[in-house]
Each structure stands twice: as C-alpha cells, then as structure tokens.
Protein chains: 2
Amino acid sequence: MPPRPRIADVADIAGVSRTTVSHALSGRRPVSDEAKAKVIAAVKELDYRANQLAVNLRLQRTQTIAFVMPDITNPFYPMVARGVQDTIRDAGYQVVVCSTDGDPVREAAFLSDMVSRAVDGLIIDLFRTPAHAVEALVGKHTPAVMLGPMKAPPIGDRVHGDDRVSVAEATRHLLRSGRTRIAFAGGPPGIGPGGIRQSGYEDALLGAGVAVDRKLVISADYTRDGVRVAVEAALADGLDVDGIVCANDLGAIGALDALRAHGRSVPDDVAVIGFDDIDAAALVHPALTTIDNRAYEKGTVCGRLLLQRISGELDGPFRDIIVPGSLVVRDSA
Amino acid sequence: MPPRPRIADVADIAGVSRTTVSHALSGRRPVSDEAKAKVIAAVKELDYRANQLAVNLRLQRTQTIAFVMPDITNPFYPMVARGVQDTIRDAGYQVVVCSTDGDPVREAAFLSDMVSRAVDGLIIDLFRTPAHAVEALVGKHTPAVMLGPMKAPPIGDRVHGDDRVSVAEATRHLLRSGRTRIAFAGGPPGIGPGGIRQSGYEDALLGAGVAVDRKLVISADYTRDGVRVAVEAALADGLDVDGIVCANDLGAIGALDALRAHGRSVPDDVAVIGFDDIDAAALVHPALTTIDNRAYEKGTVCGRLLLQRISGELDGPFRDIIVPGSLVVRDSA
DNA sequence: TGGCGTACGCAAACCGGTTTGGGTGAACTG
DNA sequence: CAGTTCACCCAAACCGGTTTGCGTACGCCA
C-alpha cells in the first residue's frame, strides 16, 4: 500500500517543478497549456489530493467553523446546525459541533481548543460562561457570532430572537383566555435563556395589571425531567395555577407529564405554552402551543454573517440581528 | 492587537531554545527544573498556546474524527454523536459532523474531503454509496467504522444492531396478539436500513406460516411525511391491514398520522410498531411501541473502536460488533 | 543586431511546530 | 588523571504545501 502521493510526486511525473504544479492547480499564476495538461494527467494518474494540513498551515485557515452548543440532543441545535451547514457548504466550509452540556469547564476548553486549531469562525451558545471570559478565551482574531441573548460586551455579532416580546405575547394569549394564575417555569436563575424569557412573562403580567407572584415562578432546568419534578413538587405543595409558560418545549413537555400525574387536564384546568417549536411539540398530547424559535433561519443567518466576516465583506461594529419568533397556537393553550 | 505568540517568542523570553520549550511542554525528553520553570513562566506571560495547525502537519494527525451521517435532524444521529463525543473527548479528540441528506454526491464529497483533511478516524453511515466505492474514497490509511448493516466488503469495523432479529421479534409480537394482516412500511428498495428490517418482518411471517403478501409491503422513505403519504395512499386503495411494522420511528409517526386521518384507531383497529426509540416515540399518542436502537451505546462503541484502531491497540481483521436492540412495548401495539 | 517586454518556470523562503543527532560539561569510575 | 556515563541543551531537518523573487527564453520592434 503506497503512501499518499505528494505534490513532489506529481511534479516528477509531469516533469515540472512543484511551483508549477501548484500554480496549475490553483490558477493563481498563468501556466502554459502544455504544462497544465501534463500536471492534470499526473494528478489523475496518482489520484493526487493536496494534504489539507499543509495548506492550512501555510494559509493559516482551515475552512472550518465551530459550533459550540449546550446540548446536541436538544433538537433545536441540530436544526440550527443544519441551517449553518447548508449555508456554508458551498463556500467550502465544514462545521464541527461541540456539545458542552452547559459545563463551564467544557465551554472554556472547547473555545480555547477551537481557537488554537485555527477555526475560521465560531458560533457560540454558552450557558454558564460570562461574556467577559469569552473575550479572553477567543481573542479578537477569530470571527464569532453569539447565538442567543448574551449580555454585553459581545465579542462578535449576535443573532437572537425577541424572546422577551414573544413570551409576553404568549402570556397575553393566556390572559386573554381568562387565565389569572399563570406560572413561569424556567431554568436556574441567571443560567441560559430563561431570564430574558421570564422578563417577557413579567412584562405581560404587569401590563395587564396583574402582580407577579414569586410563588408562581418555578425554577428548574431545561430538561423534561427537571421541569416535571419541579412542577410536581409545586403542585404537591398546593400551587394554585391555571396556566404555565415554560422557558422551552422540553420543559413544557415535562410540565405536561406533571399535570397528567396530578390529574389536571390540559388545557381545561391548566394551559401550557412552550418555547422553540421542536418537532416533538406537535407530537405530544395535547399538541403544544409554543413559540417558533426559527432554528433553521438562525443557522443560516449565523452562517452568512460568518462568511461575510471571514471574507471581509462585512466589517466594522458588531451587528445585532433579531430573528423574531412567532406564536404557534395548538391545543395546549 | 499583537499576533499570536509563537514558540520562538516563548523560547526568547525563557532564554532557551525552541527545542527545549517543546520538550518542557510535552515532556518527551527530560528538561531541568530550572529551564522548565522559566518556560512555564514565559508561557503564562504570553498566554502561549501551540498552533495546532503546525502540530497537525508535523505529526500527521488532527485529533479529529469525522461522523458522516444521512441527516443530523433525525434524533437518532445526534444521540449517536453524543455517545461518540463522550467517549473520545477525554482522549483529546473532537468530532466533526457531516450531514449528507443521503445524497450520494455529498456522501462522496464529504468522505474525500475528510480524508484529505487527515482526520484520524471516520464513522460512516451511508445511504446511497455502495461499499466498493467507499474503499476508493477513503483508502486504507484512515481507520473507519461503518455504522449500520452495510454489505461487504467492509473497509473497517462495523457496528450495527441485529435489526433482522429485532424486527422479527416485533412482528411476532403482533402475530401473538392475533393480527394476521401485517404490513411493512420501509424506505425505497435497496436504500438505507429498510431492506434488512424487511427481512426480519418476512422471517417472522414465514416462521408463523403466513405468506408474505406483496401488497402489504409499502415502500416510501424514512421521513414522517413520506410514510404518511404512502400509507394514506394504501388505505385509500382499500388495503386490508391490522398491523404495521415500520422501518423507523419517524415513519411510524407518519403512519399514525395516516391512520388517524382515515379514522382507524390505534391499536384497536391497527397496531403500529416503529424502530429507533427516539424521544418522540414516547410522546406521540398513542405512545409508540418500538425497538430501542441503542443510539448512545452505538456511539460509544464506535468511539472506542476508533480509539483502539488509532492507537494500534487493536489491529488485524475488521470486527463486526452487534449492539442488540430490544422491543419497547408501549401503547400502539 | 540590440533593446525591451512578456510569459513562464524554478529555487528558496515560509507557515510553526516536533524530532533527530550531536555536543558540552559535570559527576563518577578505575 | 583519563575514560565513561549521564543529564541537558541546541542547531538543523522535517512535515507538505504556497508564495516570492529572480532568471531565462522568446517575440516584437527599431
């Protein structure tokens, strides 16, 4: 089994120098038709493909962008990833995905590692690493886009939804149907997107002249089981509730589990609203009313932004792009 | 904004040679405590991190493994990916995911590209590229594991389920409950895992003395909509059926859609069984009886196998590892 | 025939690390 | 005191491409 052919092998067979092979293949300098033909013949004969490692080192780029996300098994992220990949593929880029489980150690490790691997761009969705720490990890050489509503100072463009507005709208949807004891089930305080979504919930309540009752704010995490347990505990505790706005769909599904376990019917006794509109939202029973988080579109926006930053087509101040969500009314509310 | 520090900068500040810096950091040769201390101080001062591109070129490895899959938004694959990542992370490897949509052009392009990027290992799940073509694309230098029941000649280890046995068991489950008109809904003939699963279906039927009725074999694809449409068409056509075994869960969910649209109750009129046990299987109504495809375990097995091949700890003939599935009985059958 | 411009090919430098092979001085040995 | 051994460090080669800068051959023109 022969080793992979190198450019020198091609040059030997074609009877020209390595330089000429390089120029013939890249077209960056003119090469006579005769030489070009010989090079192409040699390439075909050897099945030569350039070693990208060498190209990367010389050019200091990798045609790779990294996507650092909290959880690859949360369907929102694969959908974003697909949007990213569909957008950058034609430009010759690949995407490497890094699932951190929201662990700050792993978040930092991935970020640092990707930078030293010289990825050309980063898409970052962090749970527990504060913005100022990101700056130290990533530096200023690598274009980055922050996915989600991370607080300033950003080190790159941001693309996010108008979560606060969307959740307010969802909450008003419940208020309009006459609900008055509306709870919010989110993640741990200050972690992930729950905080800003909770603000939207409070906006709507206050706008309707309803006081925010601390007992109605349930803090859990963003998993099905976590929210199920938290809601069950609240119900067992005698919580008086006729609607639950959840920080994400997985959590909302957990809330459905809990309500079913306590014999409450949805939406008659308690209405439930999620966030994300993952595929499963339409599958559960009753089908989940939720907010479409536009995962695929966000992916394409991130991809385009990065491509533009890399090419220099876009520079100057960081942009802040909002991909608005929209309420999808199904059966649960 | 200064450029990234190089090893020469560290060497200058520490007052030693680049060689010594390298040895001090890698530990591959002994270095005096004094020199080591100076190197470490300089590294800290500069926040030096080695440029992995250079390391990769010199060492001819990338600490990267590529996972080429048909569809990243099919929840089975993210779960496998998580298993892979959890297994290889501690060894310092990352995973890049490539979603091909089953397009043979893209399958070939990704494979070829990953090899020229010198990934250290490949996990491959192909829909439309035949095995012999894979060999030409991948060559013999890159360890690979084929996920799924690809036919010979393999170019690497294989890990797959005993799909034929599992589906036979599932089919017998229906036969035992007195069903006699059992259909099979799979992908297009010869594409993807449908074929071998169909064999299991036929095994069970023949084993029970039931003839296989061609009209009961519905060929569609592996998406929810594709199977819904195909099953609706069959029902509209007057198909007499009291059970459907599907090649995957997404398809089974589509079958549920179709049955509901035609007013058939599940499982009373028609029983439905899926394959994979994705999260959604437990969410649909009625909850789907299915075969647990052990996605996460398969990911860990692939990861371990690759690590062993890369390290040379494992060599010799390609292995064929079976991760058996198991029937998960819920409400739909 | 001499002067000049153009087209094209090549040697060498470069990217930033790791590894090899040789050299030096100190400690130890007989 | 000469001969070894050992611990340590360094210069140079190397990975495999791309790019720079220069040299040469050739055509064109006066």
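Atom set for the values below is all heavy atoms of this structure, side chains included, hydrogens, waters and symmetry mates excluded. Here is the naming used below: chain letters follow the sequence lines, and residue numbers restart at 1 for every chain.
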- Message: Determine whether B/Ser99 and A/Gln85 satisfy the following criterion, side-chain hydrogen bond (donor to acceptor under 3.5 Å, both in side chains), listing intermediate values before the conclusion.
- Response: CA-CA 8 Å; B/Ser99 185; A/Gln85 190 185 289; 4.8 Å; no
- Item | Polar side chain donor-acceptor pair, A/Ser22 to A/Thr19, under 3.5 angstrom | no
- Task: Heavy atoms of chain B, cut-off under 4.0 Å: which first and last nucleotide of DNA chain C, 5' to 3', fall inside that, if you could look?
- Result: C/dG16 to C/dG22
- Query: Under 3.5 Å, is there a donor-acceptor pair between the B/Thr64 and A/Arg117 side chains?
  - Reply: yes
- Task: For a side-chain contact (heavy atoms from CB on, under 4.5 Å) with B/Pro70, tell me which candidate from B/Ile191, B/Leu126, B/Asp125 qualifies.
- Result: B/Asp125
- Item | Set of residues satisfying ring-ring contact (aromatic ring centres under 6.0 Å, His included) with respect to A/Phe127, sequence neighbours excluded | A/Tyr222
- Message: So B/Ser22, base contact, sugar-phosphate only, or nothing? Heavy-atom distance under 4.0 Å.
- Response: base
- Query: Quick one: which of D/dG21, D/dC9, D/dT19 gets closest to the side chain of B/Arg29?
  - Reply: D/dC9
- Message: Heavy atoms only, 4.0 Å cut-off, all strands: where does A/Arg6 land among base, sugar-phosphate and nothing?
- Response: sugar-phosphate
- Assert: residue with more 5' nearest nucleotide on DNA chain C, out of A/His23 and B/Thr19, is A/His23
- Message: Which is more 5' along DNA chain C, the nucleotide nearest A/Arg18 or the one nearest A/Pro30? Just name the residue.
- Response: A/Pro30
- Message: Return whichever of B/Ala54 or B/Lys36 has its heavy-atom-nearest nucleotide of DNA chain D closer to the 5' end.
- Response: B/Lys36
- Item | Residue among B/Ile7, B/Ile13, B/Leu25 satisfying side-chain contact (heavy atoms from CB on, under 4.5 Å) with B/Val43 | B/Leu25
- D/dC10 phosphate, OP1 or OP2, under 4.0 Å from B/Ser17 side-chain N/O: yes
- Task: May I ask you to say what B/Leu53 touches in the nucleic acid, namely base, sugar-phosphate or nothing, with a heavy-atom cut-off under 4.0 Å?
- Result: nothing
